[in-house]
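For reference, the structure discussed in these notes is given below.
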Amino acid sequence: EEVIPEQRQLANLAEGGVLIQYNSEDQELIGQLTQFAQGQPNFPCYLIVAPYPSMEPTISVTAWGTMATMEEYDEEQLQQFVDSFRGNGPQTVPCTPE
C-alpha cells in the first residue's frame, strides 16, 4: 500500500525479488494484483505488490535485469513472469515465509 523507496527496490531485486507495481487507484485492479501475489507458493517470499504513481504504464512487473508492463490485468502474463524470475537475483538470499 506504500511506495517502495528506489534503494529498497534495487535491494529486493538483487535478492531475487519480483516487484509488481501499479499506477492506478482502481481498487478492483489493486485487489486482483494483491490476490495474485498472496496465491503464490511461499508468499511473501520474493514478491512485493506496491504502488508506483510516477510510472507511465498501469502495471509494471520487474525482476533483476528485466521488466514487463501491461495496461490491464493479465494473470497468465504475470504468472509466466513470476515463474521465470522469482528467486533469481545476483545476491539471492534464503527466504522462509512467515
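Below, all heavy atoms of this structure are taken into account, side chains as well, without hydrogens, waters or symmetry copies. This structure is a prediction, so every number in the text was calculated from the model and none was measured.
Tyr46 shares a hydrophobic cluster with no other residue; no ILVMFWY side chain has heavy atoms under 4.5 Å from its own.
Here the shortest heavy-atom pairing between Tyr52 and Glu6 reads OH-OE2, 3.6 Å. When all heavy atoms of Thr62 and Ser60 are compared, the closest pair comes out as OG1-OG, 3.5 Å. Scanning both residues, Pro97 and Cys45, for their nearest heavy atoms gives N-SG, 3.4 Å. Shortest non-hydrogen contact noted between Glu2 and Ala50 is O-CB, 3.5 Å.
Partners of Phe85 under the ring pair (Phe, Tyr, Trp, His ring centres under 6.0 Å) rule, at least two apart in sequence or in another chain, are Phe81. Annotation: side-chain contact (heavy atoms from CB on, under 4.5 Å) contacts of Asn23 (sequence neighbours excluded): Pro53, Met55. Residues passing the side-chain contact (heavy atoms from CB on, under 4.5 Å) test with Gln38 are Thr34, Phe43, sequence neighbours excluded.
Contacts classified as side-chain hydrogen bond (donor to acceptor under 3.5 Å, both in side chains) and involving residues 65-86 (residues at least two apart or in different chains) are given here: Gln40-Gln79, Thr58-Glu71, Tyr73-Glu75, Gln79-Asp83.
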Compile the donor-acceptor pairs under 3.5 Å between side chains in residues 9-19 and protein atoms, sequence neighbours left out, one pair per line.
residue, atom, partner, partner atom, Å
Gln9, NE2, Ile4, O, 2.7
Asn12, OD1, Arg8, NH2, 2.9
Asn12, ND2, Arg8, O, 3.2

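With a 4.5 Å cut-off on side-chain heavy atoms, Asn88 and Trp64 do not count as touching.
Looking at Asp26, its side chain does come within 3.5 Å of a backbone N or O of Leu29 through a donor-acceptor pair.
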List the steps and the verdict of side-chain contact (heavy atoms from CB on, under 4.5 Å) for Leu78 and Met70. CA-CA 10 Å; Leu78 279 173; Met70 52 188 100; 3.9 Å; yes

Assess the residue pair Val49 and Phe36 against the criterion (side-chain contact (heavy atoms from CB on, under 4.5 Å)); give the C-alpha distance rounded to whole Å, side-chain angles, the decisive distance to 0.1 Å, and a yes or no. CA-CA 10 Å; Val49 178; Phe36 169 82; over 6 Å; no

